[in-house]
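Everything below concerns the one structure shown next.
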Number of protein chains: 2
Amino acid sequence: MKGVTIEDVAREAGVSRQTVSRAINNKGEISPKTKAKVLSAIQKLGYTPNLQARSMVTQRTSTIGLIVGDIANPYFSSVARGLQDIARQHGYSVFISNTDDNADVEHQALKTMAAQRVDGIVLFSHELAAEKLMAFADTYRPIVLVNRNVQHPNIHHMAVDHGEGIRLAFERLWHLGHRNIGMLAPYQPARADISRRLAAFESEMQQRGLATTDNVVAAQPTFDGGYDAMLQLLDARHDLSAVLCYNDRMAIGALQACRELGRSVPNELSIIGFDNIRVSSMVTPALTTAAVDRYEIGRLAVEALVKLINNPDLQLERRIVPMSLVERDSVAAPAAILASNM
Amino acid sequence: MKGVTIEDVAREAGVSRQTVSRAINNKGEISPKTKAKVLSAIQKLGYTPNLQARSMVTQRTSTIGLIVGDIANPYFSSVARGLQDIARQHGYSVFISNTDDNADVEHQALKTMAAQRVDGIVLFSHELAAEKLMAFADTYRPIVLVNRNVQHPNIHHMAVDHGEGIRLAFERLWHLGHRNIGMLAPYQPARADISRRLAAFESEMQQRGLATTDNVVAAQPTFDGGYDAMLQLLDARHDLSAVLCYNDRMAIGALQACRELGRSVPNELSIIGFDNIRVSSMVTPALTTAAVDRYEIGRLAVEALVKLINNPDLQLERRIVPMSLVERDSVAAPAAILASNM
DNA sequence: GTGAAAGCGCTAACAT
DNA sequence: ATGTTAGCGCTTTCAC
């Protein structure tokens with residue numbers, strides 16, 4: 001443990017503590033000569049300012065908190081990376097806490113962040129009751145809440161536009177000439193991300209005067225779910241030329257089903273996933289998929305947070321994180337079109 | 001921002017600050033009645049102790065630092081999760097910092113941790129010069145250094161035994177009856193993990209009187225490297241019944257090569273990877289692979305650290321993290337043996 | 001341009 | 001069993 005304090009530096013340099021403080025923080029008037037003297041004393045003694053002590057008086061800790069479900073989840077770890085990079089650029093260190101989407105743990109994590117007096121919090125929380133969250137926000141500094149809506153002056157919002165991902169995917173298919181498009185998705189109206197993706201699909205279809213009977217199959221959002229649903233869908237609708245999937249795991253299951261059925265992807269059938277998980281680029285054919293830039297989520301969140309820390313009264317617009325379509329090898333023009341071009 | 005201090009609580013409860021402190025920390029004598037009074041005042045005011053202020057006097061911050069190459073790397077994010085879970089059990093919050101394996105950034109991260117006065121650091125560092133690391137350790141508290149050896153009283157060690165992973169894999173193959181075993185690995189003597197895995201393989205072979213000519217092929221540690229190397233290896237040695245790979249990516253490339261060659265895995269050929277990356281369980285056949293429990297690395301690291309924080313003079317033995325063989329579907333008894341059993 | 005005094009919120013040590 | 005005093009390391013305010 002190092003015991004070098006500002007006092008030691010002051011003595012070494014033959015000045016007062018305040019002068020050392022000025023040299024460190026580039027604040028107030030100080031002669032270049034004195035400053036150099038102080039800096040060399042700091043160097044000599046290996047002094048590192050004690051941020052805890054500083055924060056006692058400035059009421060700022062230069063720390064922020066990130067609360068996620070599970071940092072081992074690649075989604076969150078990418079968000080964390082983006083957040084940390086930008087936080088560091090702004091001079092903040094970051095505390096990370098995992099909740100496993102448990103309400104009590106979420107609450108506990110918030111309290112721990114408060115005890116550490118972090119300057120702001122980026123929060124992924126689905127479980128904590130809105131009133132508890134609001135009660136916490138009453139007593140605390142800015143919070144950036146992601147993918148959830150709880151109105152409070154200290155809570156600012158960021159969200160992924162799930163519908164946009166589906167729209168991008170749909171438009172790509174439409175543009176290529178697909179007219180018989182199906183979708184594989186779980187049926188859970190309570191889950192916002194699921195219902196939004198599904199609603200976006202139905203809305204795209206209806207806008208183009210396409211019927212949505214028989215071309216949506218519900219299943220678990222897993223590899224097996226996608227596999228089973230795909231068999232079922234192709235059985236009901238032989239004419240389908242493209243299938244959208246709620247997530248990549250289902251899409252990869254669907255790919256497997258096509259392989260076993262001998263339906264070539266993308267030549268006979270185009271498949272699009274959602275999320276861009278790691279495996280998506282490794283399956284054959286590599287999966288085209290709609291995705292958010294997760295690093296970008298972290299970046300945007302911390303930039304909003306820093307603004308709010310520096311200006312607590314600011315009211316930021318709900319920020320929508322853009323999505324994009326990662327184009328790989330599971331999508332092509334429908335076979336009919338290809339044939340007519342020959 | 002909440003302004004409730006211990007003073008406010010004391011006034012509300014009609015006691016002194018010290019009594020409040022005692023109630024919070026369960027230290028010293030305090031009558032149950034007073035304690036209850038204080039606790040209810042805390043509740044009423046929504047008081048949260050200021051850890052920064054506490055740490056000023058206790059010289060403990062209840063924080064630890066984790067410095068890794070990249071938290072978005074699933075390896076590190078699993079380590080981080082294990083570390084955070086156990087840290088929380090011990091009452092520590094954790095700062096995480098990424099270095100991208102850059103020496104300057106590693107140094108910077110250490111300095112930031114020092115400025116935050118973390119009580120201890122778990123460090124993954126390959127690049128920072130040993131002398132700079134030692135100079136830092138001179139001035140600081142306990143450091144647990146993973147997979148690297150820098151002798152210093154404040155630095156304690158933990159390492160993955162790469163050789164053990166290969167030994168486990170080799171023994172499994174041997175036990176099944178394999179006698180013609182090859183290996184795919186990069187050739188980079190400077191990288192400790194590579195040379196240890198290779199050395200372990202050669203040592204296992206020699207111990208059993210097996211020649212190691214022609215059955216090791218060097219290649220990049222990638223999917224393509226594994227693919228190419230496998231073609232080369234099978235061309236040179238038609239009799240091979242099993243192949244060990246430096247990592248899973250090479251192994252998955254090797255799997256692909258076998259598929260194209262029409263050599264069935266595991267019936268004609270057994271393949272074992274190393275690391276247990278996510279995809280390993282998703283390829284066909286699912287890959288048998290040697291792996292460290294990454295969560296366990298985090299757990300062990302923080303437990304060592306906590307011991308050291310509580311007893312700075314302790315000198316801990318270098319801790320070896322156990323490996324295990326994750327058995328899936330890419331390994332079977334050699335074809336010859338299966339045939340003779342029919 | 002520099003220094004002295006005050007105080008951030010808390011606990012250790014001593015007093016009562 | 002409870003209160004008082006002092007001080008952790010720093011910056012802010014106000015003198016000089």
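Protein chains get the first letters and strands the later ones, always in sequence-line order, with residue 1 at the start of each.
- More than 12 heavy-atom neighbours from other residues, nucleotides or ligands sit within 6.0 angstrom of CD on A:Q315.
- A donor atom on one side chain and an acceptor atom on the other are found under 3.5 Å apart for A:D138 and A:H152.
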Which donor-acceptor pairs under 3.5 Å do the side chains of residues 65-73 of chain A make with protein atoms, sequence neighbours left out?
from, atom 1, to, atom 2, distance (Å)
A:D70, OD1, A:A72, N, 2.9
A:D70, OD1, B:R81, NH1, 2.9
A:N73, OD1, A:Y75, N, 2.8

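- In this structure, B:K35 NZ and B:I42 CD1 are separated by 10.0 Å, a value rounded to the nearest 0.5 Å.
- Per the geometry, CZ belonging to A:R11 stands 12 Å off P belonging to D:dG9, to the nearest Å.
- Sorted by first and then second residue, the pairs that involve residues 87-124 of chain A and meet ring-ring contact (aromatic ring centres under 6.0 Å, His included), not counting sequence neighbours, are A:F76-A:F124, A:F95-B:F95.
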- Note on the structure: Contact string for nucleotides 10-16 of chain C, one letter per nucleotide 5' to 3', B = base within protein heavy-atom range under 4.0 Å, S = sugar-phosphate only, - = neither, reads BBBB---

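- Atom CG in A:N26 sits about 15 Å away from atom C1' in C:dG1, given to the nearest Å.
- Distance A:D8 CG to D:dC8 C1': 13 Å, rounded to the nearest Å.
- One atom, CD1 of A:I30, and another, C1' of C:dG3, lie 12 Å apart when rounded to the nearest Å.
- Axis angle between the ends of the helix from C:dG1-D:dC16 to C:dT16-D:dA1, five pairs each and rounded to 10 degrees, works out to 40°.
- A:T112 meets the side chain to side chain donor-acceptor pair (under 3.5 Å) test with no other residue; sequence neighbours excluded.
- Partners of B:S78 by side chain to side chain donor-acceptor pair (under 3.5 Å), not counting sequence neighbours: none found.
- Contact annotation: B:Q59 side-chain N/O to D:dG9 OP1/OP2 distance is under 4.0 Å.
- Put simply, B:S55 has no side-chain N or O that comes within less than 4.0 Å of OP1 or OP2 on D:dC8.
- Positionally, the nearest nucleotide of DNA chain D for B:T34 lies more toward the 5' end than for the other of B:T34 and B:M56.
- Atoms CE and CG, on B:M56 and B:N50 in that order, are 11.0 Å from each other to the nearest 0.5 Å.
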